[in-house]
There are 2 protein chains.
Amino acid sequence: MAYASALQCLSDPTRRQVFERLRAGPQSVGALAHGLPVSRPAVSQHLKALKDAGLVLQRAEGARRVYYIDPQGLAELRRWLDRFWTDALTAFKNEVDATHGTRSKP
Amino acid sequence: MAYASALQCLSDPTRRQVFERLRAGPQSVGALAHGLPVSRPAVSQHLKALKDAGLVLQRAEGARRVYYIDPQGLAELRRWLDRFWTDALTAFKNEVDATHGTRSKP
DNA sequence: CACTAGCGTAAGCCATTGCTTACGGTAAGT
DNA sequence: ACTTACCGTAAGCAATGGCTTACGCTAGTG
């Protein structure tokens with residue numbers, strides 16, 4: 001259940017901002033910090049959290065570290081949400097049928 | 001951007017547990033609290049948060065309040081994630097093409 | 001009209017956490 | 001080799017947030 005850490009990561013607005021900036025493509029830490037309302041170490045910590053959650057990957061490019069989105073992390077989150085979605089919909093439909101058509105508690 | 005509050009809601013493990021219990025179908029507050037490792041008021045507060053985030057709905061059934069999942073909240077979260085997913089994939093593919101095939105910076 | 005069941009809300013406490021400053025360590029440039 | 005750029009980590013702090021106990025209110029029941 002890695003979606004738990006992913007959800008917790010994406011709950012923080014600043015961290016989500018970092019993640020969304022990565023959506024356009026790979027970026028270095030400094031480039032990410034430039035334009036965000038927090039310091040560079042803060043961005044670094046957010047990136048570590050995102051990496052631990054399996055949402056981003058990293059490659060060294062000289063002295064700078066370039067981060068980019070890990071599709072697998074997003075995929076797992078999507079699977080969880082999709083499963084949840086279908087389950088909730090069937091439960092919803094069942095409830096409508098039970099309440100509407102016949103008696104709900106025989 | 002209501003997905004923000006939805007994400008923050010689902011980040012807490014206990015609150016997510018409450019939400020997942022609702023996946024099977026509508027339930028009252030007491031029924032939800034029974035079996036969870038927290039007190040009933042705690043569950044009540046979680047339900048309020050989920051309701052404010054647009055993830056659950058409520059109906060009065062005599063003295064008891066029955067909560068159930070709001071498909072719309074899930075739908076919005078799904079839309080956000082899907083959009084993110086496609087964007088990230090195209091960026092990923094573009095990067096692979098640029099790094100692999102031709103020059104990345106003309 | 002009491003009395004109970006079922007919830008929501010308020011106040012308070014404690015843990016978590018996000019941010020900053022400060023420091024250390026590696027890579028590139030001169 | 002010295003300096004600069006770039007980054008991760010540690011420590012410390014202030015704020016957020018989840019849980020509990022206590023209280024008040026409404027809906028049924030005798």
Which parts of nucleotides 15-23 of chain D does protein reach within less than 4.0 Å, heavy atoms only, written one letter per nucleotide 5' to 3' as B for base, S for sugar-phosphate only and - for none?
--SSBBBB-
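- Considering CG of A:Leu50 and CD1 of A:Ile69, their distance stands at 9.0 Å, rounded to 0.5 Å.
- For the pair B:Lys51 NZ and C:dC7 C1', the interatomic distance rounds to 12 Å; values are reported in whole Å.
- Distances shown here put a side-chain N or O of B:Ser44 below 4.0 Å from the OP1 or OP2 atom of C:dG8.
- No donor-acceptor distance shorter than 3.5 angstrom exists from the side chain of B:Ser44 to the backbone of B:Arg40, with no hydrogens or angles considered.
- Here the rule is side-chain contact (heavy atoms from CB on, under 4.5 Å) with A:Phe19, and of A:Leu10, A:Leu47, A:Thr14, A:Asp12 only A:Leu10 fits it.
- Within residues 60-70 of chain B, the residues having any heavy atom closer than 4.0 Å to DNA chain C are, in order of number, B:Arg64, B:Arg65, B:Tyr67.
- For B:Gln17 (side chain) and B:Leu36 (main-chain N/O), no donor-acceptor pair under 3.5 Å exists by modelled atom type.
- For the pair B:Tyr3/B:Arg79, no side-chain contact is recorded, criterion being any heavy-atom separation below 4.5 Å from C-beta on.
- Residues A:Leu32 and A:Leu22 are in side-chain contact: their nearest non-hydrogen atoms beyond the backbone lie under 4.5 Å apart.
- Contact annotation: the side chain of B:Leu7 approaches that of B:Trp80 to within less than 4.5 Å [non-hydrogen atoms, C-beta and beyond].
- Here A:Ser28 does not reach the OP1 or OP2 of D:dC6: none of its side-chain N or O atoms lies under 4.0 Å away.
- When rounded to the nearest whole Å, the span between CG of A:Asp52 and C1' of C:dT17 equals 15 Å.
- Distance B:His34 NE2 to C:dG6 P: 12 Å, rounded to the nearest Å.
- Here the C1' atom of nucleotide C:dG6 and the CG atom of B:Leu32 are 13 Å apart, to the nearest Å.
- For A:Gln58 (side chain) and A:Lys51 (main-chain N/O), no donor-acceptor pair under 3.5 Å exists by modelled atom type.
- The interatomic distance linking B:Leu47 (CG) with C:dG6 (P) rounds to 16 Å, in whole Å.
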